[in-house]
Amino acid sequence: MVSQSLDTLSVATRAHTNIALIKYWGKRDDALYLPTSTSLSLTLDSLYTDMRLTFDSRLSADELHLAGEKQDEASTAKVALVLSLFRERYNCPDASAVRVESHNHVPTAAGLASSSSGFAALAFAARALFEAARPDIPRMSDTELSTFARRGSGSATRSIFGGFVEWSYGTGSSDSVAVPLDNADWDVAMVVAAISTQHKKISSTYGMKHTAATSAFYSLWREASEKDLQEVLAGIKQRDIDVIGAAMEANCMKFHATMFAANPPFTYMTSKSMQVIEFVHALRDEGVSAYFTMDAGPNVKILCRRSDQAVVHERLAAAFPDITLFDATPGSAPELLSEQQWSELYG
Ligand code: 2P0
């Protein structure tokens, strides 16, 4: 971060994506992004978004540039909304418009949750930017910060912390927050099997709304998900990958079942996803602790011991040479990047 006149002040950050072990799938309040159930995730190190925010008095409105390309007003709207919440919170409605430059190191919109790292990066950078503009206002806690990330995208709430993180149901907006559970600095890892990096046909936002409104299984899902959550929490406490993995897989299957039971029904699973799932089961039959989860896309994420990650990767690569694999270990909370780091990366 560089301290210059407010007009050209810049802040750059890196925030990591997270993968839900217990899924968020539905809002009880669409405007405030309050979830219908508590979710739990693992933040990943190797999939992240870098973002720089700059006050620019020459701009008439906030701008979003993705990998150097200026986005249209519709794509910028949610970013502008989150920035407006910071202007309000920091009591500076007249602050200059902000230029947002974002670089995703996550295949966008492929069920790999680039919105989680994107809005976490935005919130983390905006706090630093507005703090510099209004140093007289007391520092915003990470817990409160997670409610600002939430307003951009539900899953972004959880990327405000590293390791295993819960996003609590809460009683309202101020306590539907991220809670860090465990930094996951032990024998845990993921291999992501990116079956498709194409834009998905049904967005998560629409998919969860349609499912909550029409699925015959939706009320059962909420009840059952709470039980799965308790099992994952117990598994994290015991550092037992088998307890965590079994409950994670069960939660994933119930989450996808809600969509099979929607009206009309739909699914994000493909035949290739099923082949990978069967392969994970076969690995487990051989004694490797490997467990799958899938989100709003065809990709399969495999939870395993860090000490087994190379084996899981190699076996998958041999069986599915056409699938791109990403190795990940637990990631940390967002961090600030220096101007020098930014210019070395993005010129
Ligand atoms: C999750 N997903 O818990 C769930 C599981 C996808 C499946 O959070 O509408 O992009 O912006 O809050 O966060 C993806 O949905 O949706 C997601 P919005 P988001 O990770």
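No hydrogens, no waters, no symmetry mates; every other heavy atom, side chains included, goes into these values. When a ligand or atom number is given, it counts from 1 through the structure's own listing order. Nothing fancy with the numbering, it's 1 onward along the sequence.
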Numbering the atoms of ligand 1 from 1, which are under 4.0 Å from a heavy atom of [X]?
{"X": "Asp295", "result": "5 (C), 7 (C)"}
{"X": "Met208", "result": "15 (O), 16 (O)"}
{"X": "Ala20", "result": "1 (C), 3 (O), 20 (O)"}
{"X": "Ser115", "result": "10 (O)"}

Quiz item: Does even one non-hydrogen atom of Arg158 get within less than 4.0 Å of ligand 1?
Solution: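 A heavy atom of Arg158 does come that close to ligand 1.
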
Quiz item: Does Phe119 have a non-hydrogen atom less than 4.0 Å from ligand 1?
Solution: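 Judged by the 4.0 Å heavy-atom criterion, Phe119 does not count as contacting ligand 1.
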
Exercise. May I ask you to decide if the ring planes of His210 and Phe266 are parallel, tilted or perpendicular, using 30° and 60° as cut-offs?
Key: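 Geometry flag for Phe266 against His210: tilted rings.
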
Quiz item: Does an N or O anywhere in Trp25 fall below 3.5 Å from an N or O of ligand 1?
Solution: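 The answer is no, given that Trp25 and ligand 1 share no N or O pair closer than 3.5 Å.
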
Quiz item: Ser155 to ligand 1: N or O pair under 3.5 Å?
Solution: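 Yes - when backbone and side-chain N and O of Ser155 are compared with those of ligand 1, one distance drops under 3.5 Å.
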
Exercise. Could you walk me through whether Arg14 and Asp45 pass the salt bridge (charged side-chain N to carboxylate O under 4.0 Å, His left out) test, one step at a time?
Key: CA-CA 10 Å; Arg14 173 170 296 175; Asp45 60 345; over 6 Å; no

Self-check item: Cationic N near anionic O, under 4.0 Å, Arg305 to Asp242
Solution: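 A salt bridge is present here (some side-chain N lies under 4.0 Å from a carboxylate O).
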
Practice problem: Taking Arg150 for its side chain and Ser173 for its backbone only, find out whether a donor-acceptor pair lies under 3.5 Å. | Solution: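 Answer holds: yes.
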
Quiz item: How about Phe119 and Val79: do any of their side-chain heavy atoms sit closer than 4.5 Å?
Solution: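 Yes, at least one pair of side-chain atoms sits under 4.5 Å.
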
